[in-house]
> 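For reference, the structure I am asking about is given below.
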Amino acid sequence: MKPRSDYEHSLWRRLVRFVDGETLEDVEKRAEELQEKSAKSQVEADIRSEQILEEEEDEEDKDNREEKENRKRELEKAHEKEAAAMLEKYKNWPKEHGVKIFGRLYAVMAVVLCLIIIVTLLVTVSYLPEFGQPDNPNNNEVVRRYNADGLEETGATNAVAGMILDYRAFDTLGESHVLFVAACCVMILLRLELTKDGKPTDKKRASEENDRLYEPKNDKILQGSAKILVPVIILFGIYVILNGHLSPGGGFSGGAIIGAGLILYLNAFGFEKTTRIMNRKNYAVISVVPLLFYAMAKGYSFFTGANHLESGIPKGTPGAILSAGLILPLNICVGIVVACTMYNFYTLFRKGGM
């Protein structure tokens with residue numbers, strides 16, 4: 001049964017209001033208050049329900065976070081255990097298996113490299129002309145040019161020196177650089193470094209202690225012989241270098257003789273006296289400066305020759321000591337590099353440095 005919409009205006013309701021002493025305005029005002037109170041109660045109920053939901057969600061999130069953190073801790077512990085097991089398993093792997101594998105791989109690569117070199121050489125030889133053919137290198141115009149015009153064009157009475165230090169000077173420059181690069185490689189592999197504060201490392205001290213076994217023990221015979229032989233050897237090496245453009249000799253042979261003299265002096269008198277002259281700093285300067293001079297001098301010579309320009313370098317009188325243009329100073333450069341390289345090799349193999 002639906003309530004009447006005009007209940008407040010009905011006869012019965014007006015009678016009740018008359019008995020109670022109320023008016024219609026009082027009823028409407030009380031109805032508005034009831035509605036406001038009801039709406040307020042509803043808002044408070046909604047806020048409480050939202051707070052309850054938020055608290056429930058926070059509790060759920062807290063539980064989820066704790067659960068995730070516990071799961072994360074378990075995973076971390078599992079990873080740590082797995083890493084520890086892997087470390088324990090492979091801790092000795094380099095010593096037990098790595099060295100063997102590297103040795104086998106090194107041997108295989110060495111064999112492969114040798115086979116490549118052998119095949120390359122055989123293929124190159126297969127293209128060479130047969131013996132006695134007219135197009136052999138000893139029958140071409142280059143050899144005739146060297147023999148016929150070498151003295152006039154180079155000013156050197158030694159045709160070999162004129163060929164390797166004038167016509168083919170870049171090849172000789174490459175050979176000198178090969179010696180220098182070889183010395184650098186040996187130095188990288190064998191040199192014992194100092195610490196950051198300039199003090200010797202344990203390896204260097206041990207090497208120097210071991211090298212004292214080879215130091216001269218006041219050997220009068222060796223030292224007396226060295227005092228006589230070393231100046232003669234070095235002077236003979238200088239003679240061979242300076243006369244390389246006049247007679248058999250030159251930078252390579254003369255430098256080898258001087259290097260042998262330096263090694264003899266070292267064995268006779270020890271590192272303490274030898275390093276006053278031939279130390280690491282002096283070696284670097286003495287080796288680099290001749291190579292730079294060689295490269296610049298021959299670069300200038302080939303530039304002027306390729307452009308048909310006068311180089312301005314006098315060839316002198318053939319047979320005189322000051323002749324053959326740049327061949328004499330180039331021989332000196334090559335001799336210095338060879339001598340320093342021999343001495344450096346010896347000191348590096350002996351105790352890892354100068």
> Flag yes if more than 12 heavy atoms outside Leu113 fall under 6.0 Å of its CG atom; otherwise flag no.
yes
> Verify the cluster assignment for Phe349 and Leu266: are they in a single hydrophobic cluster under the rule of side-chain heavy atoms below 4.5 Å apart?
yes
> Starting at CG of Leu242, measure out to OG of Ser247 and round the result to the nearest 0.5 Å.
10.5 Å
> When clusters are formed by joining ILVMFWY residues with side-chain heavy atoms under 4.5 Å apart, either directly or through shared neighbours, do Ile257 and Leu235 land in the same one?
no
> Hey, can you tell me if Phe269 and Tyr265 have their rings parallel, tilted or perpendicular (30° and 60° cut-offs)?
tilted
> Does one hydrophobic cluster hold both Leu291 and Val178, with members joined at side-chain heavy-atom distances below 4.5 Å?
no
> Under 3.5 Å, side chain of Asn267 to main-chain N/O of Ile263, donor-acceptor pair present?
yes
> Atom CG in Asp171, atom CG in Leu165: separation rounded to 0.5 Å?
11.0 Å
> For atom CZ of Phe303, is the number of surrounding heavy atoms from other residues, nucleotides or ligands below 6.0 Å larger than 12?
no
> With a cut-off of 6.0 Å (strictly less than), are more than 12 heavy atoms of other residues, nucleotides or ligands near CZ of Phe236?
no
> Does Ile116 share a hydrophobic cluster with Val108, counting links as ILVMFWY side-chain heavy atoms below 4.5 Å and allowing steps through other members?
yes
> Within this structure, what is the CD1-CD1 distance for the pair Ile313 and Ile327, rounded to the nearest 0.5 Å?
11.0 Å
> Does Ile221 have more than 12 heavy atoms from other residues, nucleotides or ligands lying within 6.0 Å of its CD1?
no
> What are the two closest non-hydrogen atoms of Lys315 and Glu153, and how far apart are they?
CE-O, 2.5 Å
> At their closest point, which heavy atom of Leu326 faces which heavy atom of Ser301, and how far apart are they?
CD1-CB, 4.1 Å
> If you take all heavy atoms of Ala226 and Ala268, which pair is closest and at what distance?
CB-CB, 3.5 Å
> Could you give me the CA-CA distance, side-chain angles and deciding distance for Tyr167 and Thr154, then say whether side chain to side chain contact (heavy atoms under 4.5 Å, CB included) is met?
CA-CA 8 Å; Tyr167 292 115; Thr154 64; 3.8 Å; yes
> Please round to the nearest 0.5 Å and tell me the distance separating atom CG of Leu330 and atom NZ of Lys298.
6.0 Å
> I'd like to know if the side chain of Asn344 and the backbone of Cys340 have a donor-acceptor N/O pair within less than 3.5 Å.
no
> Looking at Asn279 and Thr275, would you say the former's side chain and the latter's main chain have a donor-acceptor pair under 3.5 Å?
yes
> For side chain to side chain contact (heavy atoms under 4.5 Å, CB included), just list the numbers for Leu151 and Thr157, CA-CA rounded to whole Å, side-chain angles, deciding distance to a tenth of an Å, and then say yes or no.
CA-CA 6 Å; Leu151 180 61; Thr157 57; 4.1 Å; yes
> May I ask whether Leu322 and Ile241 are part of the same hydrophobic cluster, defined by side-chain heavy atoms of I, L, V, M, F, W, Y residues being less than 4.5 angstrom apart, directly or through others?
yes
> Could you tell me whether the side chain of Ile238 reaches within less than 4.5 Å of the side chain of Ile258, counting heavy atoms only?
yes
> Report yes or no: does His245 contribute a side-chain atom to a donor-acceptor pair with the main-chain N or O of Ile321 at less than 3.5 Å?
yes
> Could you give me the CA-CA distance, side-chain angles and deciding distance for Met278 and Leu262, then say whether side chain to side chain contact (heavy atoms under 4.5 Å, CB included) is met?
CA-CA 9 Å; Met278 187 60 72; Leu262 292 174; 4.1 Å; yes
> Enter the distance from Leu348:CG to Ile188:CD1 here, rounded to the nearest 0.5 Å.
11.0 Å
> Given Leu246 and Ser323, is the side chain to side chain contact (heavy atoms under 4.5 Å, CB included) satisfied, shown in steps?
CA-CA 9 Å; Leu246 305 176; Ser323 62; 4.1 Å; yes
> Which value, rounded to the nearest 0.5 Å, describes the distance between Asn158 atom CG and Asn331 atom CG?
9.0 Å
